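I have placed the structure first, in the form of structure tokens, so that the comments after it can refer back to it.
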2 protein chains.
Amino acid sequence: MPHDIVKDFGYLTLGTRLRRLGEMVQANTQLIMQQHGIDLPAAHYPFLAAIDRNGPLTVGELADVIGISQPGATRTIGQLAEAGLLDLSVSDGDQRRKQVSLTKAGQDLVDYSTREVWPGVEAAVRNLCTDLDGSFLDQLASIEDGLKLRPLIERMKEDKETK
Amino acid sequence: MPHDIVKDFGYLTLGTRLRRLGEMVQANTQLIMQQHGIDLPAAHYPFLAAIDRNGPLTVGELADVIGISQPGATRTIGQLAEAGLLDLSVSDGDQRRKQVSLTKAGQDLVDYSTREVWPGVEAAVRNLCTDLDGSFLDQLASIEDGLKLRPLIERMKEDKETK
DNA sequence: ACCATTTATATAACTCGTTATATAAATTCA
DNA sequence: TGAATTTATATAACGAGTTATATAAATGGT
């Protein structure tokens with residue numbers, strides 16, 4: 001196995017490493033879903049899952065709950081609408097806003113996935129995280145919260161001040 | 001703070017969540033480097049660091065040690081060469097291979113960063129990961145190794161078999 | 001010596017994130 | 001009431017990853 005420099009650099013290249021691992025996990029998840037005959041990209045299903053859980057959401061709300069930029073959400077929503085899984089309609093009270101909801105096909109896909117696909121994916125990823133020292137999900141949550149609370153640039157300044 | 005559906009779904013959306021966090025950490029790292037007057041994208045410096053550490057590498061070797069695809073490495077190497085930080089030359093023994101090395105400017109940037117910038121970045125990220133339950137880097141290593149050892153699709157099959 | 005196969009890299013095309021900006025609609029203020 | 005400002009979304013352009021494929025060079029087999 002070739003030398004892994006991103007791993008070698010530890011904290012310095014954590015961002016690159018997390019992205020890389022995220023892409024690997026997404027690619028693996030993709031394979032499982034394809035085996036079930038589902039061609040949905042891994043990055044798309046939080047959109048369907050969010051609406052299934054919360055009911056119709058606006059474009060901006062979807063961006064917020066998924067944690068990506070609004071133009072990014074707009075694009076993916078457009079793709080899912082084109083695939084016939086999502087439906088867009090202008091909000092009654094505010095014509096700027098667009099309401100995003102599941103189509104029948106979208107709801108069917110979510111129901112099928114909830115029953116037949118996602119539990120397997122979830123169990124496989126859980127299996128991968130077994131035997132770790134401490135809860136990986138809790139650590140991710142701590143890091144996410146910590147980053148929002150005090151960005152790296154502040155942490156660097158504080159670190160210099162304590163030295 | 002709006003509801004975070006990617007977090008809610010835990011293991012199911014781990015891939016998306018890791019990518020998202022990776023992008024956040026990279027963006028934060030970017031800000032620190034910009035404060036030092038360095039416009040290098042966060043994803044570029046593993047290239048410089050790898051060559052600084054190992055001496056000149058081929059395109060394929062760089063892709064391997066950084067953990068990305070060969071066309072991805074080709075593109076970034078081209079950009080860094082255009083920025084005057086890397087130099088490409090055909091290998092003596094094999095005209096297919098291209099040797100990638102640091103230019104004077106590239107070496108200067110790495111030396112400066114190693115002295116003035118990267119320790120601060122490293123300390124800030126370490127600070128972010130303080131107070132976690134268990135070593136986050138070790139957990140990442142375990143997950144990476146585990147994924148290579150047995151991809152998710154195998155883990156899903158095994159999980160079904162044990163039930 | 002020649003042909004088939006393999007290897008290394010470049011290019012094309014795609015996805016999915018970003019920021020910047022444009023456009024339309026709603027709100028606020030004087 | 002009208003203009004300025006704010007808000008919601010779409011589009012453009014970019015970066016950085018991917019897969020597929022093309023091209024060139026090296027290797028191996030007969």
Side-chain angles (χ1 to χ4, degrees), chain A residues 2 6 13 15-31 34 39-47 57-64 66-83 86 88-100, chain B residues 2 6 13 15-31 34 39-47 57-64 66-83 86 88-100:
Chain A
V6 166
T13 47
T16 299
R17 194 171 178 190
L18 288 171
R19 275 189 72 180
R20 191 178 72 177
L21 183 56
E23 273 154 21
M24 281 162 65
V25 173
Q26 276 188 324
N28 270 250
T29 303
Q30 196 76 46
L31 290 177
Q34 271 159 6
D39 258 337
L40 195 67
H44 284 201
Y45 66 79
F47 288 78
L57 297 167
T58 67
V59 173
E61 283 166 351
L62 269 168
D64 282 347
I66 294 167
I68 64 170
S69 67
Q70 169 264 314
T74 295
R75 170 142 58 188
T76 301
I77 290 166
Q79 284 168 327
L80 286 162
E82 190 130 343
L86 287 184
L88 280 130
S89 59
V90 177
S91 287
D92 281 339
D94 189 330
Q95 279 181 299
R96 292 173 298 179
R97 296 161 164 266
K98 281 182 177 168
Q99 206 79 347
V100 189
Chain B
V6 168
T13 47
T16 299
R17 194 172 179 188
L18 288 171
R19 275 189 71 181
R20 192 179 72 177
L21 183 58
E23 272 155 19
M24 283 163 63
V25 172
Q26 275 189 323
N28 271 250
T29 304
Q30 196 77 45
L31 291 176
Q34 271 161 3
D39 258 337
L40 194 67
H44 284 203
Y45 66 78
F47 288 77
L57 297 168
T58 66
V59 173
E61 281 166 350
L62 270 167
D64 281 346
I66 293 167
I68 63 170
S69 68
Q70 170 263 312
T74 295
R75 171 147 54 192
T76 301
I77 290 165
Q79 284 168 327
L80 286 162
E82 191 132 340
L86 288 185
L88 278 130
S89 59
V90 177
S91 287
D92 281 341
D94 188 330
Q95 280 180 299
R96 293 173 299 179
R97 295 161 166 266
K98 282 183 176 169
Q99 207 79 347
V100 189

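Predicted, not measured: the structure shown is a model, and the values here were computed from it. We name chains A, B, ... by the order of the sequence lines, and we start the count at 1 in each one.
- Under the rule for a side-chain contact (heavy atoms from CB on, under 4.5 Å), the partners of A:Ile66 that lie at least two apart in sequence or sit in another chain are A:Pro46, A:Phe47, A:Leu62, A:Ile68, B:Ile5, B:Val6.
- Among residues two or more places apart in sequence or in another chain, the salt bridge (Lys or Arg N to Asp or Glu O under 4.0 Å) test is passed with A:Arg20 by A:Asp4, B:Glu144.
- In this structure, the side-chain contact (heavy atoms from CB on, under 4.5 Å) partners of B:Gln95, at least two apart in sequence or on a different chain, are B:Val90.
- Put simply, CG on B:Leu88 is 16 Å from P on C:dA8, counting in whole angstrom units.
- Across the protein-nucleic acid pair, B:Asp39 atom CG and D:dC14 atom C1' stand 15 Å apart, rounded to whole Å.
- In this structure, the CD atom of A:Gln30 is 12 Å from the C1' atom of C:dC16, given to the nearest Å.
- One atom, CD of A:Glu61, and another, P of D:dT7, lie 15 Å apart when rounded to the nearest Å.
- Every residue meeting the ring pair (Phe, Tyr, Trp, His ring centres under 6.0 Å) condition with A:Tyr45, not counting sequence neighbours, appears here in chain and number order: A:Trp118.
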Quiz item: For every nucleotide of nucleotides 15-27 of chain D, 5' to 3': is a protein heavy atom under 4.0 Å from its base (B), only from its sugar-phosphate (S), or from neither (-)?
Solution: -BBBBB---BBS-
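- Using a 4.5 Å cut-off on side-chain heavy atoms (C-beta onward), A:Leu40 and A:Leu80 make contact.
- Listed by chain and number, the residues in a side-chain contact (heavy atoms from CB on, under 4.5 Å) with B:Thr58 are B:Glu61, B:Arg97, B:Gln99 (sequence neighbours excluded).
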